[in-house]
Amino acid sequence: MQGYDFRRLQERWLPVWDELQPFRSGDPADTRPRKYVLDMFPYPSGDLHMGHAEAYALGDVIARYWRLQGFNVLHPIGWDSFGLPAENAAIKRGIDPRKWTYDNIDQQKQSMRRYATSFDWDRVLHTSDPEYYKWNQWLFLEMFKKGLAYRKDSWVNWDPVDQTVLANEQVLPDGTSERSGAVVVKRKKTQWYLRITDYADRLLDDLNQLEGSWPSKVISMQRNWIGRSRGADVDFVIEGRADKVTVFTTRPDTLYGVTFMVVAPDSDLAAELVAGADPEVRMAFQDYLEQVQKSTEIERQDATRDKTGVPLGRFAINPVNGERIPIWTADYVLADYGHGAVMAVPAHDQRDLDFARAFGLPVRVVLDTNAPVTGAVPVLELDENGQAILPDELPPLDPAATGKALVGDGRMINSGPLDGLSKSNAIKKIIEQLEAAGTGRAAKTYRLRDWLISRQRYWGTPIPIIHGENGELIPVPDDQLPVLLPPTDGLDLQPRGQSPLGAAEDWVTVTNPVDGTPARRDPDTMDTFVDSSWYFLRFLSPNDDSRAFDPREADKWAPVDQYVGGVTHAILHLLYARFITKVLFDLGYVSFTEPFSALLNQGMVLMDGSAMSKSKGNLVRLSDQLDEHGVDAVRLTMAFAGPPEDDIDWADVSPAGSAKFLARAWRLAGDVTSSPEIEWKTGDVALRRQTHRFLAEAPGLIESFKFNVVVARLMELVNATRKTIDSGPGGGDAAVREATEVIAVGLSLFAPYTAEDMWATLGYAPSVAQALWRKADPALLIEESVTAVVQVDGKVRDRLTVSPKIDSAELERLARASAAVIRSIGDQPVTGVIVRAPRLVNITTR
RNA sequence: GCCCCGGUAGCCCAAUUGGCAGAGGCAGACGACUUAAAAUCGUCCGAGUCAGGGUUCGAGUCCCUGUCGGGGUACCA
């Protein structure tokens with residue numbers, strides 16, 4: 001007999017699976033219950049790498065597990081194949097982005113096949129196929145018709161390297177582009193947006209449903225990103241202006257402490273207010289605005305930077321006390337948050353205080369934070385002698401002098417009718433008063449902004465809008481979809497800040513479908529996150545050319561039962577997919593509001609403590625690993641390395657060790673000498689118990705993603721079986737066959753080639769992929785005896801072998817009779833006995 | 001700055017959720033087989049759970065403080 005040779009196994013079984021196609025899910029006569037297991041689809045840049053290998057190994061464990069449990073599992077794969085890298089590669093090397101993209105897809109497809117991923121290859125999709133992006137355009141037009149897609153002239157994030165606008169979500173916290181790494185700048189542009197802010201409350205509140213099924217980290221990141229704050233809108237009369245200006249504040253209780261107002265320099269409001277001011281003021285404002293616009297996101301977001309700003313020479317009237325306050329402009333106020341204007345309360349807001357101190361503006365305390373809050377237990381500070389400092393001896397509250405805004409709770413002062421109230425009571429009362437007076441109301445606002453989806457690049461979905469001569473926006477009629485991308489011949493794809501499509505004259509020039517007058521196509525393409533926001537639905541009927549997806553299939557399969565992917569998409573992709581799902585629900589196309597019922601985030605694969613990269617010289621090539629250790633060993637290593645959400649440092653794990661274990665398991669099958677018809681009952685009881693304990697435990701471990709523990713249990717079972725063969729009843733024992741069969745089925749989750757070969761050696765055909773998980777025999781799970789620990793004062797003094805059914809009184813009697821226990825108690829009085837039958841007795845003497 | 005997560009043998013990780021700290025692997029040592037080596041098989045070596053305090057009959061597990069590491073977020077009114 002030959003030794004374990006992973007190359008031979010791979011060559012033997014791959015053609016068999018191709019022939020058998022055990023992972024097809026589309027049989028309408030299939031009556032098994034269904035599960036939808038989805039891996040995030042890849043972007044086709046080059047071949048698969050170690051990160052893909054981890055993600056797809058783990059997703060495959062879950063898909064194969066549910067199949068073993070008797071489910072019809074939908075486990076599809078496709079490619080997120082639009083996007084800038086294809087276009088940039090095309091520019092750099094002069095190849096058509098189509099060729100680059102589809103060549104890469106072919107390569108990845110072959111690698112996945114070799115990697116033994118259990119995908120349903122009948123359902124493959126590529127988002128760059130016209131058959132796919134047609135439905136992107138359909139979705140866009142559905143949203144356009146509902147007012148959810150709209151154009152807006154606004155300051156946008158501009159990537160000066162890729163020469164395109166970016167969504168807020170694509171700008172990293174350090175102000176650089178997540179794609180190109182360039183420092184993002186602001187430009188004013190008319191762009192297409194999707195009205196995700198209309199869904200902010202639902203996107204936030206529905207996260208509660210996902211609690212427990214999604215990683216809490218992702219949930220909190222999404223909550224943070226949506227960033228709902230509650231407070232009040234307050235209307236301020238502006239001198240010399242008919243309309244009031246509304247500001248949003250989370251601290252309406254401090255309204256009596258307002259000493260000035262600040263508007264965002266890049267807001268329409270600032271421009272309008274300054275228009276009526278003196279020429280010097282206008283000049284100063286212009287200078288300031290230019291200076292602000294020149295600054296990058298990085299500079300702007302540096303909170304330690306000194307406050308800057310200029311007065312606008314205009315005044316507002318505080319609605320609660322009639323005070324006249326100056327209006328300033330400063331870039332610490334953002335144009336697109338709230339109303340682009342704030343009421344400044346320097347005594348109780350650090351930013352306002354910094355600004356007031358920089359420009360000598362008044363500071364008025366309206367909340368005494370030294371005063372005990374009504375109903376609360378006062379916390380007194382102690383002096384150096386440990387004596388309590390009484391409130392009236394505390395240092396005076398003077399933020400103007402200390403530079404520290406008073407943000408705590410306390411008692412309202414200098415606030416007319418609010419005096420004496422606590423912060424939260426004052427907020428309630430002032431909102432009532434504002435509402436009664438008609439000068440304000442309770443309000444909430446969000447950090448989330450509308451989703452900017454237009455891109456000035458070639459390799460994406462054309463936006464299906466025609467611009468009429470008079471600027472009207474006409475949807476491309478349904479029967480003219482898809483709007484195909486023009487060929488790249490003669491087009492200059494070099495980024496120049498305008499969509500290359502605009503230069504394709506034949507393509508861009510059309511007649512107005514309404515009145516036949518000359519018109520032009522919208523030259524922009526969509527953000528590729530639109531493509532990936534609904535692809536999980538297209539998998540359900542990938543070849544349906546009459547609609548985006550078949551709602552009957554959606555009722556059968558969706559939402560996705562288990563989604564698997566990297567935490568890098570915690571905000572972007574997952575938020576967009578949730579949003580689009582809710583839109584499709586509102587439009588009546590689906591009957592659920594959340595796309596992914598459960599989410600597993602796998603960690604990253606590192607090398608020597610950091611992410612792999614060519615420049616760091618720590619790149620581990622997947623193909624090298626597969627050549628050296630084989631597919632099964634690499635997959636097993638991914639599963640065994642630790643909890644799936646933890647990063648794997650390839651330097652810490654041992655694919656060679658995995659290969660050794662697989663060889664050890666595989667040899668068991670060759671040592672089984674009994675036939676499949678053997679009577680299990682005749683087998684070695686100890687091994688049978690262990691086998692059935694594995695059968696009972698493994699499902700719970702898999703379902704809680706403890707793949708590493710399942711592998712460890714398999715190792716134990718292999719060790720025990722080996723022992724039974726070599727130094728027990730031998731390879732002819734029924735328990736050896738039973739254990740080896742269970743090992744083969746268990747291993748099929750992680751190491752399909754090895755498992756398949758074992759299964760054949762054990763005399764079964766055609767495929768372990770079509771086997772089922774065996775039920776554990778309850779009779780074999782009952783232990784005959786257990787070890788009871790006897791403690792004295794918490795220290796273990798004796799161990800007793802007892803029946804698992806022993807009652808407390810009997811166990812206590814045995815424990816107190818133990819010589820070791822009696823010795824250890826000595827002549828101390830026994831003060832208590834805790835009995836947890838059948839495992840533990842603790843006798844206390846204190 | 002704010003929010004969240006983590007620290008268990010030299011290393012990667014388990015521990016029925018408050019009940020004997022060790023399942024598994026890597027590395028290491030020794031032995032068997034071999035002319036020898038590899039492969040294989042067997043045996044062994046190993047922390048008292050980051051530090052301090054608290055709750056409890058009992059704490060790796062719960063609470064507090066600190067520390068180290070990781071992540072998210074940051075003029076969001």
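The figures that follow rest on heavy atoms only: side chains count, while hydrogens, waters and symmetry mates do not. Numbered from 1 within each chain, the chains take letters A, B, ... in sequence-line order. From a predicted model like this one, the values you see are computed outputs, not experimental measurements.
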Contact class for A:Ser220 (heavy atom, under 4.0 Å): base, sugar-phosphate, or nothing? nothing
Let's see if you can work this out: which of B:G72, B:G42, B:A77 has an atom nearest to the side-chain heavy atoms of A:Asp349? B:A77
A:Ile834 CD1 - B:G19 P separation (whole Å): 14 Å
For B:U17, give its Watson-Crick or G-U wobble partner with both distances under 3.5 Å, or none. none
Angle between ring planes, A:Trp666 versus A:Tyr4, binned at 30° and 60°: parallel, tilted or perpendicular? perpendicular
Donor-acceptor pair under 3.5 Å: do we get one between A:Asn842's side chain and the base of B:C57? yes
Out of B:C11, B:G71, B:A77, minimum distance to the side chain of A:Tyr337 belongs to B:A77
Check A:Ile427 against A:Thr250 and note the closest heavy-atom contact, atom names and distance. CD1-O, 4.2 Å
Scanning all shown strands, the Watson-Crick or wobble mate of B:U61 with both distances under 3.5 Å is none
Sugar-phosphate, base or nothing in reach of A:Arg667, heavy atoms under 4.0 Å: sugar-phosphate
Separation of A:Leu434 CG from A:Arg441 CZ (nearest 0.5 Å): 8.5 Å
Tell me whether the OP1 or OP2 atom of B:A74 has a side-chain N or O from A:Arg447 closer than 4.0 Å. yes
Between B:C57, B:A77, B:U43, which nucleotide has the shortest distance from any of its atoms to the side chain of A:Lys723? B:U43
Base, sugar-phosphate alone, or nothing: which one does A:Asn719 contact when heavy atoms must sit under 4.0 Å apart? sugar-phosphate
Using whole Å, report how far CZ of A:Arg230 lies from P of B:A77. 13 Å
Figure out the CD1/P separation between A:Ile427 and B:A77, and round it to whole Å. 13 Å
Between A:Asp336 and A:Arg449, does at least one N-O distance fall below 4.0 Å, as a salt bridge requires? yes
Check this one for me: any side-chain N or O of A:Arg664 less than 4.0 Å away from OP1 or OP2 of B:G42? yes
Euclidean distance, atom CG of residue A:Leu606 to atom C1' of B:C12 [Å, nearest integer]: 13 Å
Mate of B:C41 across any strand shown (Watson-Crick or G-U wobble, both atom pairs under 3.5 Å) is B:G31
Expected label for B:U65 (glycosidic angle, syn inside 90° of 0, else anti) would be anti
So, OP1 or OP2 of B:A15: does either fall under 4.0 Å of a side-chain N or O from A:Lys706? yes
By nearest nucleotide on RNA chain B, pick out whichever of A:Val711 and A:Ala663 is the more 5' one. A:Val711
Should the ring pair A:Phe355 and A:Tyr332 be called parallel, tilted or perpendicular, given that the plane angle runs from 0 to 90° and is split at 30 and 60? tilted
Give me syn or anti for B:G48, where syn covers glycosidic angles within 90 degrees of 0. syn
Side-chain ion pair, A:Asp253 and A:Arg251, N-O less than 4.0 Å: yes
Using the closest heavy atom to pick a nucleotide of RNA chain B for each, name whichever of A:Ser654 or A:Val709 lands nearer the 5' end. A:Val709
Would you mind telling me which of B:G24, B:A77, B:U73 lies closest to the side-chain atoms of A:Met715? B:G24
Can you tell me the Watson-Crick or wobble partner of B:G6, both distances under 3.5 angstrom? B:C68
Rounded distance (Å) that lies between atom P of B:U73 and atom CZ of A:Arg228: 20 Å
Starting from C1' on B:C41, measure out to OH on A:Tyr4 and report it in whole angstrom. 19 Å
May I ask you to verify if any side-chain N or O of A:Asn708 is less than 4.0 angstrom from the OP1 or OP2 atom of B:G25? no
Please find the pair of heavy atoms, one from A:Ala776 and one from A:Leu781, that lie closest to each other, and give the distance. CB-CD1, 4.1 Å
Please give the nucleotide sitting opposite B:C75 as a Watson-Crick or G-U wobble pair, both distances under 3.5 Å, or none. none
Closest contact, heavy atoms only, A:Phe694 versus A:Val710: CE1-O, 4.1 Å
Ignoring backbone atoms, establish whether A:Lys660 has a side-chain N or O less than 4.0 Å from OP1 or OP2 of B:C26. yes
Among the nucleotides B:C12, B:A77, B:G42, whichever has the atom closest to the side chain of A:Arg722 is B:G42
Over how many whole Å does the gap from A:Asp5 atom CG to B:A38 atom P extend? 21 Å
Return the nearest nucleotide to the side chain of A:Pro643; candidates are B:C75, B:A74, B:A14. B:A14
Would you mind classifying the nucleic acid contact of A:Arg839 as base, sugar-phosphate or nothing, using non-hydrogen atoms under 4.0 angstrom? nothing
Which nucleotide wins on minimum distance to the side chain of A:Gln791, given the candidates B:C12, B:G19, B:A77? B:G19
A:Ser229 near the nucleic acid: base, sugar-phosphate alone, or nothing, with a heavy-atom cut-off under 4.0 Å? sugar-phosphate
